[in-house]
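Okay, structure first, notes after.
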Amino acid sequence: MKRILLLITTFMAGLVMVGQDLTATADTTPNYVITTDATYPPFDFQDKNNQYVGIDQDILKEIAKREGFTYTLKPMSFNAATQSVTSDQADGVIAGMSITDERRQVFDFSTPYYKSGIAWAVSKDSKVKSLDDLRGKTVAIKTGTSGANYALSVQKKYGFKVTYFNDSETLYRDVINGNSVATFGDLPVLQYSIKNGTQLKVMNPKDPFEAGEYGFAVKKGGNAKLLASFNEGFAEIKKDGTYDKIVNKYLDASASTFTGNKANSTTVWGILTSNKKAFLDGLFETILLTVMGIFLASIWGIILGIMGISQNKLVRGTATTIIYIFRGLPMMVLAFFIYIGLPTAIGFKIPAFVAGVITLILNEGAYTGAFVRGGFEAVERGQMEAARSLGLSYGVAMRKVIMPQGIKIMVPSFINQFIITLKDTSILSAIGILELTQTGTLIVSRNSQGFKVWAIIAVIYLVVITLLTWLSNWVEKRTKA
């Protein structure tokens, strides 16, 4: 048991060390990890070339160039982005983040770099005319935004219910489809989305509510040098007019400047061809996660399965407990715990990819351990008795008699777990891994073609899963031959 625990500990430490080596820089130029919500145009999004652009991104890029530092951008959901900073997984966050008194308790903010106001919008054919018409109805809001804060502040006054979303496009689609009747958000964000074809209308374009200010943020009491560099660089670009050029570049230009021509943004073939590299990169990341996850989870699962049929009660109980815990934890909770929660306890960063692989090992390994144990137990008890009667020890009987038969029983379950792992990798997009699902989210945030993009993603998954199913059937026939 001690050897097994030592191997596991060494493996986990090795993964973390590899991740740290991969993210280390070779020179002395300061390099920071900056998180963002890349589904928030015109502040943060991917353009037609799959480059991260927007008001925030151009400001950050210009300041970094002038102040002599480099950075690694980590796009993820807004809440995950802010939590990454508080858990020291990232050095700063720039994501159209409103400066509030509550956030000042945990973040140090830069000089405000943008002043905005809150607008509310409904579907184009909506009969809602005023905020009073929202009474008893459902309003969609994006978690962590100033629009959400404003909506919650007036919720009792106007008597509406709220539903939460993590990305803008899904939120807009909920309103357009009539599941909710309205949404609140930053005026320029809503206007940019409508300019890009979203079927909404802003109800107060000339009279926004509660003007707020955006700021770049670092963890309170930390990264003072980065914050100072941002402030100094911002003062320069504000003074020489670069800031105004950046803002006007996005607010004045037509959306097609960044999304591409109409055919590439609205037709299935156009979306597929213009984003071919992004889809292929996302698919590669998904397959890499799947292969590494299932390989290492299988090893861990086999260990748990063997422990689960041990003659030692303590070893058996340990395996049962581990399987129970990690089968019971939702994968997203586990991923957030490993990527955001664990670094606070252990004192160093865990790269997102490494955190994703560890999540798959623990979660999928628990399921694998359960069916491995079941496979061994499915071998007729008489096989063990016959082996022992021939003078074989328990260990030799397991290796020579029980395991070979049990593994044949498990083959279909292993292939099925491979397919499940492939689908489960989509959950890891929540911690910023740019796999196939996250790729789709970024494309949709740019072109607002949710139905077509997700149809393409669905077909890609189905093709890969169909190939795996054929493989499963072939392997199963071979093992029975």
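The basis for the numbers below is simple: all heavy atoms, side chains too, and nothing from hydrogens, waters or symmetry mates. Since the model is a prediction, treat every value here as computed from it, not as a measurement.
Of the inter-residue distances, the one linking Ile420 atom CD1 with Thr425 atom OG1 reads 12.5 Å to the nearest 0.5 angstrom. In this structure, Gln199 CD and Ile194 CD1 are separated by 9.5 Å, a value rounded to the nearest 0.5 Å. Atoms CG and CG, from Asn312 and Leu314 in turn, are 5.5 Å apart once rounded to the nearest 0.5 Å. Once rounded to the nearest 0.5 Å, the distance linking CG of Asp58 with CD1 of Ile246 reads 5.5 Å. To the nearest 0.5 Å, the span separating OG1 on Thr439 from CG on Asp281 amounts to 7.5 Å. The NZ atom of Lys74 lies 9.0 Å from the CD1 atom of Ile433; values are rounded to the nearest 0.5 Å.
Looking only at distances, no side-chain donor or acceptor of Arg327 sits under 3.5 Å from a matching main-chain atom of Tyr367. A donor-acceptor pair under 3.5 Å is absent between the side-chain atoms of Gln383 and the main chain of Val401, judged by distance alone. Panel note: side chain Thr183, backbone Ala140; a donor-acceptor pair is recorded below 3.5 Å.
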Apply side chain to side chain contact (heavy atoms under 4.5 Å, CB included) to the pair Thr441 and Trp454, showing each step before the final yes or no. CA-CA 9 Å; Thr441 300; Trp454 292 122; 3.5 Å; yes
Should Asn50 and Arg446 be marked as a side chain to side chain contact (heavy atoms under 4.5 Å, CB included) after you check the CA-CA gap, both sets of side-chain angles, and the distance that decides it? CA-CA 10 Å; Asn50 303 118; Arg446 179 178 74 243; 3.8 Å; yes
Does Phe414 form a ring pair (Phe, Tyr, Trp, His ring centres under 6.0 Å) with Phe371? I'd like the steps, not just the answer. CA-CA 9 Å; Phe414 270 111; Phe371 71 68; 5.0 Å; yes
Side chain to side chain contact (heavy atoms under 4.5 Å, CB included), that's the test. Do Val379 and Met384 meet it? Break it down for me. CA-CA 9 Å; Val379 178; Met384 175 61 79; over 6 Å; no
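We find that Asp91 and Lys349 are joined by a salt bridge, their nearest charged nitrogen and carboxylate oxygen being less than 4.0 Å apart.
Taking 4.5 Å as the limit, every side-chain heavy atom of Tyr339 sits out of range of all side-chain heavy atoms of Pro351. At a threshold of 4.5 Å between non-hydrogen side-chain atoms, the residues Thr368 and Leu304 do not count as touching. For the pair Tyr164/Ile141, a side-chain contact is recorded, criterion being any heavy-atom separation below 4.5 Å from C-beta on. Within the 4.5 Å cutoff, the side chain of Glu364 has heavy atoms near those of the Met331 side chain.
Between Tyr40 and Phe45, the distance separating the two ring centers is not shorter than 6.0 angstrom.
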Output a table of donor-acceptor pairs, distance under 3.5 Å, between side-chain atoms of residues 214-222 and any protein atom two or more places apart or on a different chain; print 'none' if there are none.
{"unit_1": "Tyr214", "atom_1": "OH", "unit_2": "Asp186", "atom_2": "OD1", "d": "2.9"}
{"unit_1": "Tyr214", "atom_1": "OH", "unit_2": "Asp186", "atom_2": "OD2", "d": "2.5"}
{"unit_1": "Lys219", "atom_1": "NZ", "unit_2": "Thr86", "atom_2": "O", "d": "3.4"}
{"unit_1": "Lys219", "atom_1": "NZ", "unit_2": "Asp88", "atom_2": "OD2", "d": "3.2"}
{"unit_1": "Lys220", "atom_1": "NZ", "unit_2": "Arg104", "atom_2": "O", "d": "3.2"}

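Ring geometry for Tyr192 against Phe258 counts as tilted: the plane angle lies between 30° and 60°, on a 0 to 90° scale.
Scored by the salt bridge (Lys or Arg N to Asp or Glu O under 4.0 Å) test, Glu169 finds Arg173 as partners (sequence neighbours excluded).
Considering Val315, Ile322, Thr321 as possible partners of Thr318, the one that fulfils the side chain to side chain contact (heavy atoms under 4.5 Å, CB included) test is Ile322.
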